[in-house]
Amino acid sequence: MTPQVHRAGNAPPTGRRRGTALEQAIFEAVVQQLETVGYAGLTMEGVAAAAQTGKAALYRRWPGKAELVVDTLDRLLPSPEDLPDRGNVRDELIELLRQKAAVLNSRVGRAVQSLLAETERDLPFVRLVQERVFEPRLNVFRVILERGGRRGEIRPEPISPLVADVGPAMLVQRFLGDSSPIPDDFLVAIVDELILPLIKR
């Protein structure tokens, strides 16, 4: 059944969601808006209508759409604190790439794809996305490689940031160049054919 959407700016329906349930509805509405109208067409009014709430509920939490979109991505993408722990660097890298591919293959990934295609001219927003969303998650690869070095699995000298960025760069290149789901054998090949030869002892 299609939910009834009230006009943006009107009082939200009685029995409206609060707290975590309301935030989740708002985040889902942001993803829906990014998929359908893109970042340029996304408005606080449109998100409020899709989430069946009032604009005031959004403005109490976020000053504008840039902060709302960044917070949505930060909450829906895998946390940079959630590190795979398999006891060896190969399995940890593959699991991490699988986590990221699962998100990119989802609705959230398609929303990110539309976002990247539209925001090149909005430099302050791009910087905000880089600082809050992408950079903390890129650092996870460096942490895994450093941990592998302490276990003696890979060469002991410091790993170049360029090496740590190989996996994410290949994943993003495949994601932006091909809309089909990212296959698992592609992820394994990134680790076995690109990353491990660069870091082996």
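Along the sequence shown, the residues carry numbers beginning at 1. In this text the structure is predicted, and so the values were computed from the model without any measurement.
Every residue meeting the side-chain contact (heavy atoms from CB on, under 4.5 Å) condition with Val172, not counting sequence neighbours, appears here in chain and number order: Leu176. Evaluation of the side-chain hydrogen bond (donor to acceptor under 3.5 Å, both in side chains) rule for Asp165 yields Arg142 as partners, not counting sequence neighbours. Remark: Glu28 engages Gln24, Arg107 in a side-chain hydrogen bond (donor to acceptor under 3.5 Å, both in side chains) (not counting sequence neighbours). Under the side-chain contact (heavy atoms from CB on, under 4.5 Å) criterion, Gln130 pairs with Val126, Phe134, Glu135, not counting sequence neighbours. Partners of Thr43 by side-chain contact (heavy atoms from CB on, under 4.5 Å), not counting sequence neighbours, listed by chain and number: Glu45. Taking the side-chain hydrogen bond (donor to acceptor under 3.5 Å, both in side chains) definition, one finds that Arg147 meets it with Glu92, sequence neighbours left out. Leu196 pairs by the side-chain contact (heavy atoms from CB on, under 4.5 Å) definition with Val89, Arg90, Val191, Asp192, Ile199, not counting sequence neighbours. For the salt bridge (Lys or Arg N to Asp or Glu O under 4.0 Å) test, no residue two or more places apart in sequence or in another chain qualifies with Glu81. For Asp91, the side-chain hydrogen bond (donor to acceptor under 3.5 Å, both in side chains) partners two or more places apart in sequence, or in a different chain, are Asn88.
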(message) side-chain contact (heavy atoms from CB on, under 4.5 Å), that's the test. Do Leu96 and Arg86 meet it? Break it down for me.
(response) CA-CA 11 Å; Leu96 185 58; Arg86 294 296 190 90; over 6 Å; no

(message) Show, in sequence, the C-alpha distance, side-chain angles and deciding distance for Arg61 and Leu22, and conclude whether the side-chain contact (heavy atoms from CB on, under 4.5 Å) test is met.
(response) CA-CA 11 Å; Arg61 295 165 172 80; Leu22 175 58; 3.6 Å; yes

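Using a 4.5 Å cut-off between side-chain heavy atoms of Ile, Leu, Val, Met, Phe, Trp and Tyr, with links allowed through other members, Leu171 and Val163 fall into the same hydrophobic cluster. Leu83 and Leu138 fall into different hydrophobic clusters, where Ile, Leu, Val, Met, Phe, Trp and Tyr are joined by side-chain heavy atoms under 4.5 Å apart, directly or via other members. Ile190 and Val103 fall within the same hydrophobic cluster, defined by Ile, Leu, Val, Met, Phe, Trp and Tyr side-chain heavy atoms under 4.5 Å apart, directly or through other members. Hydrophobic clustering, with ILVMFWY side chains joined whenever heavy atoms are under 4.5 angstrom apart, groups Val166 together with Phe175. Residues Met170 and Leu104 are members of one and the same hydrophobic cluster, defined by side-chain heavy-atom contacts under 4.5 angstrom among Ile, Leu, Val, Met, Phe, Trp and Tyr.
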Enumerate donor-acceptor pairs with a distance under 3.5 Å from any side-chain N or O in residues 180-189 to protein atoms, sequence neighbours excluded.
from, atom 1, to, atom 2, distance (Å)
Ser180, OG, Arg174, NH2, 3.3
Ser180, OG, Asp178, OD1, 2.8
Ser180, OG, Asp178, OD2, 3.3
Asp184, OD1, Arg98, NE, 2.6
Asp184, OD2, Arg98, NH2, 2.9

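Rounded to the nearest 0.5 angstrom, Leu194 CG and Leu93 CG are separated by 11.5 Å. Expressed to the nearest 0.5 Å, how far CD of Glu35 lies from CG of Leu42 amounts to 12.0 Å. Remark: Leu97 CG to Ile195 CD1 distance equals 6.0 Å, nearest 0.5 Å. With rounding to the nearest 0.5 Å, the separation of CG in Leu145 from CD in Glu153 is 10.0 Å.
Heavy atoms only, all atoms of each residue included: Gly64 and Met44 are closest at C-SD, 3.8 Å. Across all non-hydrogen atoms, the minimal contact from Ala29 to Ala50 is CB-CB, 3.7 Å. Between Leu73 and Arg137, the shortest heavy-atom contact is O-NH2, 4.3 Å. Across all their heavy atoms, Ala164 and Phe141 have their closest contact at O-CB, 3.5 Å. Nearest heavy atom pair, residue Ala48 against residue Leu58, reads N-CD2, 4.1 Å.
Residues Val31 and Phe27 are not in side-chain contact: their nearest non-hydrogen atoms beyond the backbone lie 4.5 Å or more apart. Contact check for Pro80 versus Asn139: no side-chain heavy atoms found under the 4.5 Å cut-off.
Among residues at least two apart or in separate chains, salt bridge (charged side-chain N to carboxylate O under 4.0 Å, His left out) pairs with a member in residues 62-73 are Asp71-Arg132.
Evaluated for a side chain to side chain contact (heavy atoms under 4.5 Å, CB included) with Thr72, the options Val69, Leu68, Val70 yield exactly one hit, Leu68.
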